[in-house]
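Here's the structure, in structure tokens; my notes come after.
Both backbone and side-chain heavy atoms feed into the values below; hydrogens, waters and symmetry mates do not.
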Amino acid sequence: ATIASLCRDLTMDDLAAVLFRLGDERFSRAIASAIKRAIQLNQLRTARDLANICAQVYRRRRGHSSGKNGKAATIHPATRTFQALRIAVNQELMEIDALLSKVPQLIDRDGGRAAFISFHSLEDRLVKNAIRDWVKSGVARLPSSADGDEKVLKQPIMA
């Protein structure tokens with residue numbers, strides 16, 4: 001699948017759901033509607049076209065600013081849309097689930113270690129839930145902190 005085929009084949013409601021669920025896009029319905037309209041008019045041919053569609057929706061919704069409270073945006077208006085579409089096309093969450101299901105067999109129970117780096121909350125949630133399940137079932141244990149408290153780390157450890 002490609003982003004083009006995904007946008008073309010999904011209904012407007014399903015496309016909006018993908019944008020909202022996988023990209024946390026607050027204007028998901030408006031962007032999905034604009035994407036579907038652009039496809040019908042043959043005005044969506046490039047990534048730049050898609051980025052412009054997202055920017056136009058944000059301008060209509062927020063004036064000329066893409067940020068909250070009229071402040072300048074910290075990310076481009078199309079960032080969340082591109083993230084959602086990339087995750088959907090690449091089936092990234094399914095791939096993470098597949099990896100996480102294999103981790104207990106891949107590591108040695110007597111001292112084996114696994115480390116995960118997540119780049120957004122969807123990945124983070126999958127990893128944390130898997131770790132909690134492993135700990136509950138006795139497959140894994142968390143490293144102890146200096147005070148002996150075991151916990152899922154929220155911040156990276158730098159060495």
### Task
Could you tell me whether Ile117 atom CD1 has more than 12 heavy atoms of other residues or ligands within 6.0 Å of it?
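For Ile117, atom CD1 is not crowded (no more than 12 foreign heavy atoms under 6.0 Å).
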
Got a second to check how far [X]'s [atom1] is from [Y]'s [atom2], nearest 0.5 Å?
X      : Y      : atom1 : atom2 : answer
Ser33  : Leu15  : OG    : CG    : 10.0 Å
Asp9   : Asp14  : CG    : CG    : 11.0 Å
Lys136 : Ile131 : NZ    : CD1   : 13.5 Å

Quick one: does [X]'s side chain get under 4.5 Å of [Y]'s, heavy atoms only?
X      : Y      : value
Arg61  : Phe27  : yes
Leu100 : Ile96  : yes
Thr2   : Val89  : no
Ile87  : His120 : yes
Arg26  : Tyr58  : yes
Ser28  : Ile31  : no
Leu85  : Leu19  : yes

Any chain of hydrophobic side-chain contacts (each under 4.5 Å) joining [X] to [Y]?
X      : Y      : answer
Met12  : Ile39  : no
Leu126 : Leu122 : yes
Leu6   : Phe82  : yes

### Query
Looking at Ala16 and Ala32, what are the two nearest heavy atoms and their distance?
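Closest heavy-atom pair between Ala16 and Ala32: N-CB, 3.6 Å.
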
### Query
What pair of heavy atoms forms the shortest contact from Pro104 to Ser101, and how long is it?
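Scanning both residues, the minimum pair turns out to be CD-O, 3.8 Å.
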
Got a donor-acceptor contact below 3.5 angstrom from the [X] side chain to the [Y] backbone?
X      : Y      : value
Asp49  : Arg45  : yes
Arg80  : Pro77  : no
Thr79  : Ile75  : no
Asn129 : Arg125 : yes
Glu123 : Leu93  : no
Lys36  : Arg8   : yes

### Query
Angle class for the Trp134/Phe116 ring planes (parallel below 30°, perpendicular above 60°, tilted otherwise)?
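Ring orientation, 0 to 90° scale: tilted.
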
